[in-house]
4 protein chains.
Amino acid sequence: MGSKERREREREQRKSNILDTARELLLEKGLNATSINQIAKRAELSVGAIYFYYKDKEELFAALQLEGLELLHEAIRKAVAKKAAPDKKIRAIAMAYLQFSEEHKNYFDIINYFLTSPETIFSPELKSEIDEHGDASIAMMTLAVQEGIDAGLFKSVDPKRQAIILWAAFNGMIQLKKLQKTILAKNEYISLYGEIVDRFLDGLRV
Amino acid sequence: MGSKERREREREQRKSNILDTARELLLEKGLNATSINQIAKRAELSVGAIYFYYKDKEELFAALQLEGLELLHEAIRKAVAKKAAPDKKIRAIAMAYLQFSEEHKNYFDIINYFLTSPETIFSPELKSEIDEHGDASIAMMTLAVQEGIDAGLFKSVDPKRQAIILWAAFNGMIQLKKLQKTILAKNEYISLYGEIVDRFLDGLRV
Amino acid sequence: MGSKERREREREQRKSNILDTARELLLEKGLNATSINQIAKRAELSVGAIYFYYKDKEELFAALQLEGLELLHEAIRKAVAKKAAPDKKIRAIAMAYLQFSEEHKNYFDIINYFLTSPETIFSPELKSEIDEHGDASIAMMTLAVQEGIDAGLFKSVDPKRQAIILWAAFNGMIQLKKLQKTILAKNEYISLYGEIVDRFLDGLRV
Amino acid sequence: MGSKERREREREQRKSNILDTARELLLEKGLNATSINQIAKRAELSVGAIYFYYKDKEELFAALQLEGLELLHEAIRKAVAKKAAPDKKIRAIAMAYLQFSEEHKNYFDIINYFLTSPETIFSPELKSEIDEHGDASIAMMTLAVQEGIDAGLFKSVDPKRQAIILWAAFNGMIQLKKLQKTILAKNEYISLYGEIVDRFLDGLRV
DNA sequence: CATGAATGAGGTTTCATTCAT
DNA sequence: GATGAATGAAACCTCATTCAT
């Protein structure tokens with residue numbers, strides 16, 4: 001017995017193997033330049049095998065993004081786990097996000113690639129599922145802001161809106177990383193990222 | 001006599017015609033679905049003609065982006081033209097940028113398309129030229145912040161850094177427009193955009 | 001005891017289930033858009049199972065055609081069952097055939113699909129078996145003509161040849177159904193079909 | 001000068017060359033088995049070149065069918081050219097059609113392939129154009145029947161309807177050619193074809 | 001008996017680019 | 001200056017079939 005379980009396990013492993021290769025290539029060459037053929041070749045699989053596990057390119061890339069969002073959620077969860085003052089928590093989340101963008105640059109880029117691309121690539125259902133995953137991470141920032149308000153430290157503003165604003169600003173700044181050596185000095189974006197938190201906390205406090 | 005000028009004029013007109021068509025297609029179908037062949041067909045030109053005016057695809061798309069950056073610069077210049085208090089000026093620039101992103105959605109998307117794509121598409125020289133154009137717009141925001149500091153209204157912070165921070169936050173928020181109907185309510189991003197300025201000015205004031 | 005019969009029954013049921021699905025898909029998407037994989041998926045069977053019951057695609061589709069020919073034979077047999085004058089019988093068979101083409105459009109199309117396709121798809125043995133099945137239906141028309149001749153109503157012509165001629169004409173007309181809305185008015189082919197019988201009976205009578 | 005004309009001529013020649021190869025393969029292997037790749041290879045052209053001349057597979061095959069319909073029309077026109085009694089004319093058209101089906105078996109098969117296939121393959125516009133071409137050939141048969149009626153030789157029936165009936169019957173019979181060696185003796189379909197005309201004319205006469 | 005993973009050739013189509021005219 | 005024919009690689013995806021389990 002147990003042969004069914006083994007099959008199941010192998011199946012998952014294969015899927016994950018394909019995902020690994022896809023991620024690798026996606027980050028090496030970008031979305032358009034990453035083809036199923038290439039993934040197959042590098043994963044030492046036949047093209048057909050990939051299509052056996054993933055219905056099409058879209059499904060494959062969506063899986064990648066979901067993976068990334070889960071990882072991100074986990075990173076933020078850890079950052080916010082220890083007891084701390086609300087502003088410390090916010091800073092901790094900010095730093096966790098920055099760290100994630102560097103340590104999991106691959107996933108971060110994928111998430112943002114799809115988030116910011118003006119082309120709609122995923123089906124509505126997929127998009128919805130992905131957005132929900134993203135929502136989960138925002139919720140933790142919202143909570144931190146709420147605590148600050150409850151503690152009388154912050155103005156009485158809508159906490160979720162502040163969370164979204166911060167997230168938008170963080171994203172915007174990390175994207176500027178590309179401008180290093182032209183508009184920005186090397187790694188200047190990191191200190192700017194930090195200054196976002198300063199400025200926003202200043203703006204938030206009563 | 002003027003035959004040289006006429007030629008020059010025709011040449012410019014032709015280039016601009018190509019650009020118009022390219023922009024149209026780029027926004028209709030996205031970057032990698034826009035082919036030189038398609039541009040040629042819609043512009044009622046031969047493929048060869050396009051290659052005569054633009055060395056390759058890259059050069060063509062870079063021209064598009066430059067066009068957009070110039071338009072943006074002009075929009076901001078106008079917004080900041082009239083005398084006003086520094087915070088009003090900042091708000092005016094912010095609103096000009098938002099307005100630009102809506103009225104010239106096509107250009108805005110192109111600018112951001114290239115800015116946020118992890119693929120490096122342009123040659124270093126091109127990238128540099130493009131960045132410089134972007135710089136010009138930032139300079140105007142920098143100036144507004146500087147005025148606020150000089151007037152003793154704002155904290156004594158690096159004004160250019162604040163300009164960059166604001167710009168990053170603005171971009172980040174406008175990108176969230178895509179999340180309408182999932183995470184955000186319709187047009188919620190606009191009021192969030194406004195709140196960025198509130199919070200930031202709060203954080204900036206002495 | 002009966003376990004062998006049960007097996008046999010299950011086997012037949014499975015085969016018929018496969019056939020049902022194949023027929024469905026064949027009529028939905030046409031011959032070459034219907035794949036074994038698709039049949040397997042829709043029949044909720046494994047690909048291997050289909051190959052267990054049918055040696056290959058060809059055998060599967062031949063089975064479908066045989067099914068259809070049997071059904072057709074039965075329909076004609078019923079039409080000709082009651083005693084009637086020869087010309088009435090001929091008309092009855094004609095109408096039974098038309099009705100079959102409409103009520104069992106799926107089978108009719110399959111029969112004609114293979115009959116008229118210039119590609120030779122079946123092996124000689126298969127083709128032979130299929131033709132024999134078709135023969136059985138022709139025989140009944142032949143008989144009706146023979147009766148007319150014997151009764152002195154029809155000219156003394158070869159009855160089987162008349163049967164084949166009628167069959168050919170019927171088929172030809174039903175195929176014209178496709179021309180509705182272009183060359184033919186809607187359902188005009190039906191009244192034309194009727195007129196075939198008129199004209200041929202006129203031509204047949206002494 | 002004249003270089004434009006030469007280009008035009010070369011273009012036509014190339015298109016016709018592609019068509020020749022496509023026709024060849026289509027008749028050798030049937031529709032599904034004929035791929036653009038194969039056509040390109042045999043025509044000693046690149047795949048892209050074919051797509052330069054024909055938008056897609058559909059357009060290529062439609063061109064083939066139109067070619068065939070024109071040839072058919074011409075053949076019938078010739079057959080009916082000389083003055084003759086209406087029944088002779090009808091027989092002449094019938095024979096011209098049969099002859100066309102043998103001498104231009106390739107074209108005939110293509111015409112019928114698309115006519116009888118239950119799959120709709122052409123776009124409505126194409127289909128319409130094709131049907132119109134077919135209409136032209138029917139018109140000539142219609143005229144012959146009309147003459148017979150006018151001359152008091154035939155019953156007063158709708159002449160176009162008789163033309164369509166005959167055409168359907170002819171098609172139906174020619175398709176039976178495939179049954180040679182099983183249901184029919186070799187070339188029996190030819191004499192049956194002739195008998196269709198006998199029977200029909202008998203049925204038509206007053 | 002039945003499964004379903006795997007193959008890999010082959011399908012249609014698009015692409016950026018070149019170059020003879 | 002401008003044309004447009006040609007290339008051929010590469011894109012995504014599907015197929016019939018096999019076979020170890």
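In what follows, every chain begins at residue 1, and chains take the letters A, B, ... in the order their sequences are listed. Note that these values count all heavy atoms, side chains included, but never hydrogens, waters or copies made by symmetry.
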Could you tell me the separation between the [atom1] atom of [X] and the [atom2] atom of [N], rounded to a whole number of Å?
| X | N | atom1 | atom2 | answer |
| --- | --- | --- | --- | --- |
| Arg11(B) | dG1(F) | CZ | P | 7 Å |
| Asn37(C) | dG4(E) | CG | C1' | 10 Å |
| Arg9(C) | dC1(E) | CZ | P | 14 Å |
| Ile39(A) | dC12(F) | CD1 | C1' | 11 Å |
| Tyr51(D) | dG11(E) | OH | P | 11 Å |
| Lys41(A) | dG8(E) | NZ | C1' | 12 Å |
| Ile50(A) | dT14(F) | CD1 | C1' | 15 Å |
| Leu26(A) | dA11(F) | CG | P | 14 Å |

NA contact type, Tyr53(C), heavy-atom cut-off 4.0 Å: base, sugar-phosphate, or nothing?
->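 The answer is sugar-phosphate, as Tyr53(C) gets under 4.0 Å only of primed atoms, P, OP1 or OP2.
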With a 4.0 Å cut-off on heavy atoms, is Arg14(B) in touch with a base, just the backbone sugar-phosphate, or nothing at all?
->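 Contact class for Arg14(B): sugar-phosphate only.
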Across all strands shown, which nucleotide pairs with dA20(F) by Watson-Crick or G-U wobble geometry, both distances under 3.5 Å?
->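 Check on dA20(F): paired to dT3(E), both distances under 3.5 Å.
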Counting Watson-Crick and G-U wobble pairs only, both distances under 3.5 Å, name the nucleotide matched with dT13(E), or none.
->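 Its partner is dA10(F) (Watson-Crick or G-U wobble, both distances under 3.5 Å).
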Can you name the closest pair of heavy atoms from Ile18(C) and Leu60(C) and give their distance?
->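 Smallest interatomic distance, heavy atoms only, reads CG2-CD1, 3.9 Å.
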Return no unless some side-chain N or O of Ser35(D) is found under 4.0 Å from OP1 or OP2 of dG11(E).
->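 Affirmative; the distance criterion is met.
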Let me know, please, whether Glu44(B) or Leu45(D) comes out on the 5' side of the other along DNA chain F by nearest nucleotide.
->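 Looking at DNA chain F, the more 5' nearest nucleotide goes with Glu44(B).
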Report the residue (Gly48(A) or Glu10(B)) whose heavy-atom-nearest nucleotide on DNA chain F is the more 5′ of the two.
->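 That would be Glu10(B).
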Please tell me which of the listed nucleotides, [options], lies nearest to the side chain of [X]?
| X | options | value |
| --- | --- | --- |
| Ala49(D) | dA9(F), dG4(E), dT7(F) | dT7(F) |
| Ser46(A) | dA9(F), dT17(F), dG8(E) | dG8(E) |
| Lys57(A) | dA11(F), dT7(F), dT17(E) | dA11(F) |
| Phe52(B) | dG1(F), dA11(F), dT17(E) | dG1(F) |
| Ile36(A) | dT17(E), dT13(E), dC12(F) | dC12(F) |
| Asp56(B) | dG1(F), dT17(E), dC12(F) | dT17(E) |

Using the P atoms only, state how far dC1(E) lies from dT21(F), rounded to an integer number of Å.
->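 So the two P atoms sit 22 Å from each other.
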Should Phe61(C) and Thr34(C) count as side-chain neighbours, where that means a heavy-atom distance under 4.5 Å?
->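 Answer yes - side chains close enough.
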Taking side chain as C-beta onward, heavy atoms only, is Tyr54(C) less than 4.5 Å from Leu19(C)?
->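 Yes. Closest side-chain heavy atoms under 4.5 Å.
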Considering the options Ile111(D), Leu69(D), Asp20(D), Ile110(D), which one meets the side chain to side chain contact (heavy atoms under 4.5 Å, CB included) requirement together with Leu64(D)?
->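 The residue from Ile111(D), Leu69(D), Asp20(D), Ile110(D) that satisfies side chain to side chain contact (heavy atoms under 4.5 Å, CB included) with Leu64(D) turns out to be Ile110(D).
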Ion pair present between Arg14(B) and Glu10(B), side-chain N to carboxylate O less than 4.0 angstrom?
->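 Salt bridge between Arg14(B) and Glu10(B), a charged N being under 4.0 Å from a carboxylate O: no.
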Residue pair Tyr107(D), Arg23(D): steps toward the side chain to side chain donor-acceptor pair (under 3.5 Å) verdict = CA-CA 8 Å; Tyr107(D) 281 120; Arg23(D) 199 186 317 118; 2.8 Å; yes
